[in-house]
Amino acid sequence: MIRVLLVDDHPVVREGIRGMLGAEPDISVVGEAASGPEALALVAALSPDVVLMDLRMPGGDGVSATERITADHPGAHVLVLTTYDTDGDILRAVEAGATGYLLKDTPRADLADAVRAAARGETVLTGRVAGKLLSGMRQRDAPPAAVLSPRETEVLRLAAEGRTNAAIGRALHISQTTVKTHLMRVYDKLGVGDRTAAVSRAIRRGLLPDR
């Protein structure tokens, strides 16, 4: 028998979920909590196999509770069940240790199967949620946008006009060595190896006007 703890601040929602899971012969709802702190106390007292966790509750958010539960009670698998499917919410929940993430419009049969999978320690993500999670991770891991200093921008603008280092130096009243230093910094910030690639990438990123 899979022991489930329901965590949601809406009694009607808990009642509905309890009714859905109550029809499953291998799933038993052993307790209900209306906040994160209450969930922590009941996990310690009831030792559930799966915690169905809402994310946003006035008495304590689900992400913090998930983090504590997974750290202190590794035998309890947290399965998020919420109405929110933003990239940030999904990423925060997974990073906190949730084994799965479902939306509250999940059909009863799918919810029951997800609880069984979570009890086995398997990752449970719908296609839409998985896509948003991947998108969120890509955005988080993407390199920060390059920010060129005013002088670097001016040097690159003149380079984009086809001017030599000597001509750029004369126009800006700086030495060729200083021009080269600015260009090397630009290359490093943009992740390129020459001025042509630097100009092209800077234009694509909106750092220089398209000529």
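It should be emphasised that the depicted structure is a prediction, and the values quoted were computed from it without experimental measurement.
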Next on the checklist: Once side chain to side chain contact (heavy atoms under 4.5 Å, CB included) is applied, do any residues pair with Thr123, and if so which ones, sequence neighbours excluded?
Outcome noted: Leu125

Checklist entry - Listed by chain and number, what are the side chain to side chain donor-acceptor pair (under 3.5 Å) partners of Ser64, not counting sequence neighbours? => result Asp61

Side-chain donor/acceptor pairs under 3.5 Å, residues 27-34, sequence neighbours excluded:
{"unit_1": "Glu32", "atom_1": "OE1", "unit_2": "Arg14", "atom_2": "NE", "d": "2.8"}
{"unit_1": "Glu32", "atom_1": "OE2", "unit_2": "Arg18", "atom_2": "NE", "d": "2.6"}
{"unit_1": "Glu32", "atom_1": "OE2", "unit_2": "Arg18", "atom_2": "NH2", "d": "2.9"}

Checklist outcome for this item: The side chain to side chain contact (heavy atoms under 4.5 Å, CB included) partner of Val51 among Val7, Val4, Leu6 is Val7

Next on the checklist: For the NZ atom of Lys189 and the CG atom of Leu156, what is their distance to the nearest 0.5 Å?
Outcome noted: 11.5 Å

Could you list the donor-acceptor pairs under 3.5 angstrom formed by side chains in residues 40-50, with sequence neighbours left out?
{"unit_1": "Asp49", "atom_1": "OD2", "unit_2": "Arg3", "atom_2": "N", "d": "2.7"}

Next on the checklist: Apply side-chain contact (heavy atoms from CB on, under 4.5 Å) to residues Ile174 and Val179 and explain how you reach the verdict.
Outcome noted: CA-CA 7 Å; Ile174 57 178; Val179 172; 3.7 Å; yes

Item to check | Point-to-point distance, once rounded to the nearest 0.5 Å, from CG of Leu207 to OG1 of Thr153 | outcome: 7.0 Å

Checklist entry - How would you list, by chain and number, every residue that makes a side chain to side chain donor-acceptor pair (under 3.5 Å) with Asp113, sequence neighbours excluded? => result Arg116

Item to check | Qualifying salt bridge (Lys or Arg N to Asp or Glu O under 4.0 Å) pairs with a residue from residues 34-45, counting only residues at least two apart or across chains | outcome: none

Checklist entry - Checking Ser200 side chain against Thr196 main chain: does a donor-acceptor pair fall under 3.5 Å? => result no

Only distances under 3.5 Å count here; give the side-chain donor-acceptor pairs of residues 69-81 to other protein atoms, sequence neighbours excluded, each with its distance to 0.1 Å.
{"unit_1": "Thr70", "atom_1": "OG1", "unit_2": "Thr66", "atom_2": "O", "d": "2.9"}
{"unit_1": "Thr70", "atom_1": "OG1", "unit_2": "Glu67", "atom_2": "O", "d": "3.1"}
{"unit_1": "Thr70", "atom_1": "OG1", "unit_2": "Ala96", "atom_2": "O", "d": "3.1"}
{"unit_1": "Asp72", "atom_1": "OD2", "unit_2": "Arg68", "atom_2": "NE", "d": "3.3"}

Checklist outcome for this item: side chain to side chain donor-acceptor pair (under 3.5 Å) filter on Arg201, not counting sequence neighbours, yields none

Checklist entry - More than 12 foreign heavy atoms under 6.0 Å from CD of Glu15: is that the case here? => result no

Checklist entry - How far does CZ of Arg170 sit from CZ of Arg163, to the nearest 0.5 angstrom? => result 9.5 Å

Next on the checklist: Which residues pass the side chain to side chain contact (heavy atoms under 4.5 Å, CB included) test with Ser149, not counting sequence neighbours?
Outcome noted: Arg151, Glu152

Checklist outcome for this item: Residues at least two apart in sequence or cross-chain that pass side chain to side chain contact (heavy atoms under 4.5 Å, CB included) with Asp188, listed by chain then number, are none

Next on the checklist: Just to verify, what does Thr164 make a side chain to side chain contact (heavy atoms under 4.5 Å, CB included) with, not counting sequence neighbours?
Outcome noted: Ala166, Ala167

Item to check | All side chain to side chain donor-acceptor pair (under 3.5 Å) counterparts of Lys180, not counting sequence neighbours | outcome: none

Item to check | Shared hydrophobic cluster, Met184 / Val192 (ILVMFWY, side-chain heavy atoms < 4.5 Å) | outcome: yes

